[in-house]
Structure formats: structure tokens, C-alpha cells
Amino acid sequence: MADALLNQLSLTLSVHTSDVFVAPAMSLADRASRALESGVWGAVLYIVIGLVAVLTAVSVLGLVMSYIERKVAGHFQCRLGPMRVGPHGVLQSLADGIKLLFKEGIEPGHGDKVIFIGAPIFSITATILLLAIVPLAPGIQVVDMNVGVVYIAAVSGLGVMGILMGGWSSNNKWSLLGAMRAGAQMISYEVSLTIALLVVVLFSGTLKVSEIIESQQQGWWIWRGHGVAIVAFCLYVIASTAELNRTPFDLPEGESELTGGYHTEYSGLRFSFFFLAEFANLFVFSALAVTFFFGGWLPFHVGNYEGFNSVMDLLPPVISPMFWFGSKCATLIFILMWFRWTFPRLRMDQLMRLEWKVLLPIGFANLILAATVVLTGLYFFPSAT
Amino acid sequence: MTVEVSSLKELVEQASGDDRSPDTQEYFVNMGPQHPSTHGVLRLVLKLDGERVLRCIPVLGYIHRSIEKISEHMNYMNCVHLTDRMDYLSSIMNNWAVSKAVEEAAGIEVNSRIQTIRTIFAELERIQSHQLWWGVLGMDLGAFTPFLYGIRDREVLNDVMEETVGARLTMNYVLPGGLMADIHPNFVHRVKEFIKYFRPKLDEYDDLLTNNVIIQERLRNVGILSPQTAVQYGATGPVLRGSGVAFDLRKDHPYGVYDQADFEVPVGTIGDSWDRYWVRVEEMRQSMNIVEQLLDNIPPGDFLVKKLNSKIKIPEGRYYSQLETARGILGVFIVSDKKDEPYRMHYRSPNFNNLWCLEPMIKGDYIASLIGAMSSLDLVIPDIDR
Amino acid sequence: MGIVTDKLPGALEKVPGGNVLVTRFDEIINWARASSLWPLTFGTSCCAIEMLMATGGPRHDLARFGAEVARPSPRQADLLILAGTIVKRMAPRLRTLYEQMAEPRYVIATGACTISGGPFIYHSYTTVRGADEIIPVDVYVPGCPPRPEQLFHGLLTLQKMIKEGETIREPGVRRKPVISALPEGITLEDIQGEMKELLVKENVVDVQHAVDKLKWPSGLNESSSGDSGANERGAGDGA
Amino acid sequence: MEREALQAAVCELDSTVSPLDANADRAAVIVEASALPAIVRRLRDQPQFAFAQLLDHVAVDWIDRGQFELIYQLYSFKHKHFLSVSVFVPREDPRVPTLCRVHPVAEWQEREVYDLFGVLYDDHPDLRRLFLEDDWVGFPLRKDYQDDFMLDRPR
């Protein structure tokens, strides 16, 4: 019995390693669908490898982002930031990570243990799931489902669950206050976030993330959208800052008000999960903005200006997507950091007022305008085809 | 006529018992003694309904170091250095308050050079204190960068003062009968340089915080303190002036050489946190004006009127002297029984009296407003507890 | 302690070469712990301005050592910088704070008040005479208040202590700290001998010279206060 | 108003007020304990005095005389003058009516004095220890306070 199973496994593996993992021209997404079709073991293997890759990506991103954040903050504040651990402090986040790994994990005495332990895992799972759909380069995407935008809207709402669970189970009033703030804030801003993304969905006429990028060959949506896209982008940036719990919307953590907010009682590894999720989310939300508004990995193209476009295409095709995606993403991340180290924090009622009385009406009006633009076909740089 | 002595526990139990509403449940939260925005070890017992503050009971004593008791066993010279550690952000003014009280009591006349230098240092320290307050206010409202900008400029001024004084925080510079040391030869030059450096920085402060919409939203119409309440609750200093009462000892009862300087007393209008913020930022400008006017004509003379004698004896009686620190009126009350140690030494600390304005200011408002309002009071907890 | 540190040494040391591996682990973990000391935002009085605010400021910048991530919650903090007087009423709270911190935790006592009660020892009915009556202290930084540079010295001393002093075989037990104030190759005897020589040499005091030194000379160079000898004592086990 | 004139004017308010000359620099009066709130209220409300703020409240332990002296420092923003009002109460039974109803800040200033001297304030709404723990024994600023914890300075 066991032999038979093993045989089947090795057979499937051999078939699919040649089939799924070697063929270079295939996109990862195609490989995924192929793997799913080919049998249970191939699918399992693919999922495992994909998840491990994303998990590694999350930890590496978390470390890199936290280092960059500290350096950027340092230079904003007329100081240097980490300098001593490794050259210019590059190993600082690694040291932080190892330290947190070996730090005592405390569970509050009268807390709800299961939920308490589950919360950070939930939080980081949401990040991993979200990262899975980010297209990093042509074909480098773990899942590319045809309802990608719906998936994004659904999964990004999961993150708040982790925070609510953490705050609730900590048996600490400050944590609870932070969690309640987070719940109210993130669920509210989720609406604006989705509405901002819907504008691009209207423009591109698809929910599939890779196709949204393809639709921007002639020019990124932020240029082609008649200003509607610019408004949508602004809404997206504000709403994603709120989703990320960063200043000026960092009320759930609000150090000077709620000591640590929802993660007051967390220590060691569990705290580092929240920490990682926060920084990886920073990347994910910037990457999504790049995908939806700035053409993802596509170089800067202006429709029908072939000379200009060919200059932009000068980079070799291997580096080009990485360069364009990376530089766009870095710019957005820098802007979000700039926010954080400049603005003070809003108050809870002001925060809610901003969402429900300002952003949401603007978002809806914008959506209707976008629909009009799409119906009349009034894009800039209309595609040649 | 009854006297009832209660305890905190009884008070909390009594306060929690009076609510049986089915819709909401009110609860108590301890803010402090270790809390990032209580600026030390102040503890506030908050009764909350959601995020609204229904009651705010300050609990003190977490840094009560019995300075008044210790002072009864020290001579007047030694008493001065304890005051450094009360309101450490206005240490020179604290030194000066004690020195002034002792000088008035013992009949020591100090020359105008000493008075001028004291005044200049007091004003520099006021700027320094407000710089730190400005940064900490930014931090309390969630902006970390202003804090570091405040510290950056504070260090520049600190260097100037350190050159003469030799210490960074607890200056211990003013003594009964004079000063610890003469001013450094570079002092005048470097203070001028500092003022040249700091005036544009104040505009930068305006760019970063004052003109920020969020800051204005957070501070305007928050923590309104009417002039009547401010006076009744014993507020002095920028808190009182923020409420529109133009009372400043430097103007109304001049000491030092403030009568020679031309300056204005900034006054708020409605007494919200924004007014207190504005008053302090404006005070920095006025302090620079005072320093600039006095700097060029420091009269010649000794920096100590007579040989320092640790056994200063004060005639029997009660002496009360006060001056305006960065936070309000610091009063020094000395009861002497002809010995070289005071029979009773009492400090009327500005923060102690300003603190009680907190509850009338923020009752019914949000926790976040409490933080902003508390920040605008600029409390130094060791000065409250002494 | 975490699961890894509990189980790892026992499992590994049976393997051939496991000892070396455990020692390597020690080095890496200690390096990480020493390089990432997150302080708790805790200050009671004057020293807090110098220790937490001025050191965090642009001039001195605690961030260079990776220690600027001041955590408001004791659960996430590694380092308790005791800044300011501890009074009787605060003592139980301080103990609670210390207990709430997750292992490994380190304590730096800064300032005269925290070390011994400072100017508030005598005739005070509240001041606790030294924080080490309440919690174990790893590094003492004297001064009233100490300069930021002195705190850095204390921090570096603590880093050295962590790097040399701990092992995951016996978590929580810290080895006797090293005298980090002395450069390599110099012992305390050398210094004492040198001091003796100097005392003999400068036995005769020129009074006029001493008086002149009190006045400000014309050509001034700024001298920093060099007294930054962070005094260390054994901390005992923090368990 | 000059110091002497003010002192005289305050003394004319009531028969329970008498002048006190121990202060060198400001007008000072002695008031009988029972009449204190009424006098302070009149000092606050009458326009020629207008003592709007209670600056400070101090107690002095005159152990030789067996008395506590309670000193209230008043200030008038209108006339810019100070007044020090003293009340003497016996050490054995230190009771004095509270000033909370006249000057709200007195609530905490009196709590401080209660905490450190053990003076009881009649009708005080919330008489609790202020700086010390609720279960503290004794009143530390009294001259005869003894404590196992306190150290004497070695001479």
C-alpha cells in the first residue's frame, strides 16, 4: 500500500517536475493550473512551494522594510538611524528578528489562550494570501485567478480579524480599545479602498490582475483616466494608509494614547508576526497601487509615441520588469513613510468623519464619473488596436 | 460638620456604583504611572464610556521625594540644589526663586550684573523648556519628527549654556548672593549666534506643526478652560495666559531686570489647547527679544556679592517669594527660626496647581483629546510631587 | 524562555559536534540580543530627559545602536533604563513592570538617585535607596544626571556583557560582567600604580596656579566631562 | 493698596480678624478658624479686595507652641496685591473648615496638607491622602514624625 503510494508520488513528481517546473516559457499561473489539473500531489507540491516562497518573501520583506523605515525615519529626523550592526546597520533587522525569535513568549493570565495564539497567525496569513496575488513580473505570480480584485477585497479584510482577536483575547483594556479602534477604522476604510480599485476595474474591464496590467500597455491608468484615476489613486493611498495603521491613521497602535494598542500584551515571536505583517503589508499595498494605477511591471509608455516607448524599452527584458516594478514600488513606499514621519495622528471621530463624510462620497462620485468615461470611451492615449 | 477620610479604592468603588444603564457599561482604566504620554509617573484613573472620559482622577505621589522634609535639614545653600530636581526644565529659575527668597530674607543686595545674567539665563532656559514641550506635544499627538526637531534645537542652546554652567540639565547656577561662575567669554557671542539660528527655526516649527491641519483640528476647541475656571483652579503661567488672563509676574511684579526689557505678554482668547500652544510658541519669540535687549549691556561687576558662606542665617520670620518659571508661578515659602537651616520650607509649584485644570477641561471628551490637553498643560511630574 | 532555547541545547549536545554548534548558537543569539536592545519608555524624573529624550535626539542618536525602538509596552521591551528617583510608592509598580518584561531582560540604572538615592538619601521618608533593592540591575551609570555619552558607555558595556556573558545552556544566568571600561591589556593595578606616581609627582600644589585655573583662560577649548566610568555589578539571575 | 493700608482694611472686615506682623513683605492677618470660609469669601467678592486666586496653602508645625499654623496666600489680579491669611489650630485636634466652596483649588491644596500634616478639613468633599499611600501611618512633615526608614545625615 505504502509502496504503491510512494510509487504514485514519485511518478507524479517526475512527471510534473519535467512538465510544470522546467518549462521556462510558461507563466507561474499556467503552471498552477497545470499542476492542479495533473493530480493531487502536484497540486499539493505546488501549493507548498508557493506558500514557502511567499512566507520567505514576507519575512525578507518585513526585515528589509523595517530597516528602510528606520533609516528613512532617521534621515527625516536629522539623524542617522541604525549604524552599528553591520555596515550602516544593514544587519539591524536581522538582529531584531533573531532576538524576537528567542524572546520569551508571554500569555496573559486570564486571556483567551487559543484566540491569543491564533491572532498573530491570522494576521500574517492575511498578508501571505494577499502577497500571493501580487504580480511581481510577467508570470511571477503565485495565483492569478479571474476574480483577483474580489479576492483582494476579501482577503485584505481578513487582517482586521487578527487585530480584533489579538485585542479581545489579551484581557487588557488598552488592547481592547485599540482593537475596537482598528475594527471601526479598517472596516470603514475598506469601502473606500475597494471603490478606488473598482475605478480601474471599470477602465480595464477585467477582474484578473494580470489582465489589468496588460490593459495598461498603451499608458498607465493614472494618466489615461481623465483625472478620475488620479482621484481614485489619492483615495487609494489615503485608504491604504488607514488599512496599514500608519500615521496619521495609527490609532489602533497610538503609542501615546493606548500604550501599544492591540499588541500591548504580545511579546517575542508573536509580536514579530504582527510586526512582519505590518511591514509586508506596506509592500503589498504599494505593489497593488503600482499594479492598478502605474502599470505594474510595465515600463513607462505613452500611446502611439513609438520613439519614446522604444527608449523606455531599452532595458533588457530580464531586468526591465524588476526595475520598473521595484522603482515604482519604492517610490510609493517612500511616500507612505514620508506621511508617517510628518503627520500627527487624527482623533477617532475625525477619522470616521473623514471616511464617511468626505472620502466615501468622493469615491462614489468618482466611480460614477469613471463609468461615464468608460461608456463614452474617453480615454487618453486610446490603444492603437 | 463632618470629616470623612476616604481612600482611592473607596472613591473608585463609589464612582463605579452610580451607573446601571443597560446600553453601555462604564469602566475604569489606569493611565500610568508608566504611560508614554503622562510625562513621567503621573497616574490618571479614568472612568470611560467607550472612549469618552467621564471622570479623571489624578493619583500622585509616584515621585514624591520629600524635598520639603529634606530641606528642613539642609542649609540654604544646599536647598538650592534640590530645587534643580523639582522642575528640571526650569532649573535656573528654581534656583533663582530660592536665592531670591533667601536674599530678600537675609537682606543681601545683589548687583545689576548678577541680576542681568540671571535674567538672561532664565529666559534662555524658558526657551529651552518650551522647545522640549513643543517636541513632546508633537510626539503626544502622534508626530514623532517634531520631537526630534525640538531636541535638536535644544541641544544647540544647551551647548551655549553648558559652556558657562558646566551642566546640561540640573544647572545649579544661581546661588543666594550671586552666581556659581562668571559667564564664559564666548557667551554673548554664542547666544547671539543661537538667536540668529533659532529665529528661522521657529518658522520651521510653524510649518511643521502650527500650520498643520491635523494639529489645528486636534487642538482647537479642545480642552477649553474659561478664565474664571483657570483662576479658581489655581492655574498660572501659560495655562492662565492661554485662557486670556494677562498675568505675568515678569510684567506685573518685575524682578531681576525685567523692568528694563521691553516685551509683550502673549494672551490667548478662548482658552483651548490651541491658545496654550500659541502662547508658548509666542513666548519663545518674546524671550529671544528679552535676551537680545539685555545681552549687549551686561553691566560690569562681580558675579558674587560676597564671600560664599554656607551658613547664611535668616532673621526669624516668614518669607514668601515667587517668580515666573516656564510653567507658572513658583513660590518659595521659608519659615526661619534664626538657624542656618529653615524651620519650614515650602514650594508652591506651578504644575501642582495647573494639574487640577485637567478634569474641567476634558470632561466628556475623548481620550485622544485628554492627551492633547494634558500636553498643552506642559506638566513636569516631579515638580507636582516634590 | 522560548521553546527553542529550552529544548535545543539538550537535543544538540548529544550529537557529535553538538557542543560546537551550541556555542555557535550562543554567539549568534547573543549578538542579536546585544544589537537589538529595545528600551521601555520609562522615566520617573530628571534623568528621563537626558537618558531617553536627549539620547534619542539627533545629536546623540540612540538609533545608531539599534536601541531607538522605544516600546511603550513592557512585554516587548528588552531594556529597562531606570531614569530617575524611585520612591516607595513606585517600587511595587517598578517591580511589576520588571516582571512583565519578557526574558531576557536587562536593566541599566542611571543617575545617582536610582543607584543609591542620590541627594534624597537622608531625611527622606519615601526615597528608595537604590533600585537594586527592588530589581536586579546589570549596569550602573552614575551622574546627576549622567550625560548621554555616559549612557552610551553603559549601553556598550551591557552589549559586551551580553555578548560574553550568556549561554543558552543556562538561560537567565548571566556570568559576572567584565570590566569593560578598561582597554585590553590594561589592568586595574596599572591604573592604580599610575595614579600613585602622579600623586607623588604633583605632591606640591601651586596655589596661585590652582586659583588661576578657576578663571576662564583666554584660549578655551571645550572639555567634555570625562567621568563616564559605568560601574558594573553582578546582576544575579533574573528568573 | 499699600501693605499697611490693606492689612488695616482687611482687619476691619470682622472682629475675628487681627493683624499679623511676622511677614516682612506682605499684608498678613490672623483669622479664627470658624470664620475662615466666610472671611475668604468676602475677600474674594468685595471689589476693593478682589482676591480671586488662592495661590498657595501652607501648614507650619509650631511644635513648641502646640499649634499648626495654616497659611493661605491670596492674590488679586485686579489690584495686584497679596494677602496672607493665617489660621492657628491646636496640634491635638487640628480641624478647620474647608475652603473648597470658595476656591476650588483648595481641595487639593488641603489634601496635600492633610497628607503631610494630618490637618482635618471639615466638609471637605474628598479628603484622601495625596502623595502617600492610603495606608501610610503618620504625617511625615510634622516635626515629631518618626520612621524606621528615615536616615539621619551623619554629622
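Per chain, numbering begins at 1; letters A, B, ... match sequence-line order.
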_Between B:Tyr149, B:Phe147, B:Tyr88, who has the most heavy-atom pairs with chain C when the cutoff is under 4.5 Å?_
B:Tyr88

*Would a 4.5 Å heavy-atom cut-off, applied to side chains only, mark C:Tyr122 and B:Met74 as touching?*
no

*Backbone N or O of B:Tyr173 within a donor-acceptor pair of the B:Asn95 side chain at under 3.5 Å?*
yes

*Sub-6.0 Å ring centroid separation between B:Tyr205 and B:Phe198*: yes

*Is the backbone N or O of B:His184 less than 3.5 Å from a side-chain atom of B:Thr164, with the two atoms forming a donor-acceptor pair by type?*
yes

*For the pair C:Arg75 (side chain) and C:Gln100 (backbone), establish whether a donor and an acceptor sit closer than 3.5 Å, ignoring hydrogens and angles.*
yes

*salt_bridge(B:Arg327, B:Asp378) N-O dist < 4.0 Å*: yes

*Give, as side chain, backbone, both or neither, the part of C:Ala54 having an atom under 4.5 angstrom from any heavy atom of chain B.*
both

*Sort C:Phe120 into side chain, backbone, both or neither according to what part of it lies under 4.5 angstrom from a heavy atom of chain B.*
both

*Considering only heavy atoms and a distance below 4.5 Å, find which of B:Arg85, B:Arg152, B:Glu72 pairs most often with chain C.*
B:Arg85

_Less than 4.0 angstrom from a charged side-chain N to a carboxylate O is my criterion; do C:Glu99 and C:Arg95 meet it?_
yes

*Against chain B, work out which of C:Gly84, C:Gly43, C:Ala48 has the most heavy-atom pairs shorter than 4.5 Å and name it.*
C:Gly43

*What distance do C:Thr96 atom OG1 and C:Met101 atom CE have between them, rounded to the nearest 0.5 Å?*
13.0 Å

*Looking just at side-chain N and O atoms, do B:Ser91 and B:Asn94 make a donor-acceptor pair shorter than 3.5 Å?*
no

*asked:* Heavy atom to heavy atom, less than 4.5 Å: which residues from residues 59-69 of chain B reach chain C?
replied: B:Val59, B:Leu60, B:Gly61, B:Tyr62, B:Ile63, B:His64, B:Arg65, B:Ser66, B:Ile67, B:Lys69

*asked:* Please classify the contact between B:Leu89 and chain C as side chain, backbone, both or neither, with a heavy-atom cut-off of under 4.5 Å.
replied: side chain

*So, are C:Arg147 and C:Glu50 salt-bridged, with charged N and O less than 4.0 Å apart?*
no

_4.5 Å side-chain heavy-atom contact, B:Tyr76 and B:Val80_ = no

*Between C:Leu40 and chain B, which part of the residue has a heavy atom less than 4.5 Å away: side chain, backbone, both or neither?*
side chain

_Tell me whether B:Asp159 is salt-bridged to C:Arg59, with the criterion being a basic N under 4.0 Å from an acidic carboxylate O._
yes

_Quick check for you: among C:Ile86, C:Thr85, C:Leu94, C:Thr127, which has the greatest number of heavy-atom pairs under 4.5 Å with chain B?_
C:Thr85

*Sort by residue number and list every member of residues 379-386 of chain B having a non-hydrogen atom under 4.5 Å from chain C.*
B:Pro382

*Of all the heavy-atom pairs spanning C:Pro142 and C:Gln150, show the shortest one and how long it is.*
O-NE2, 2.9 Å

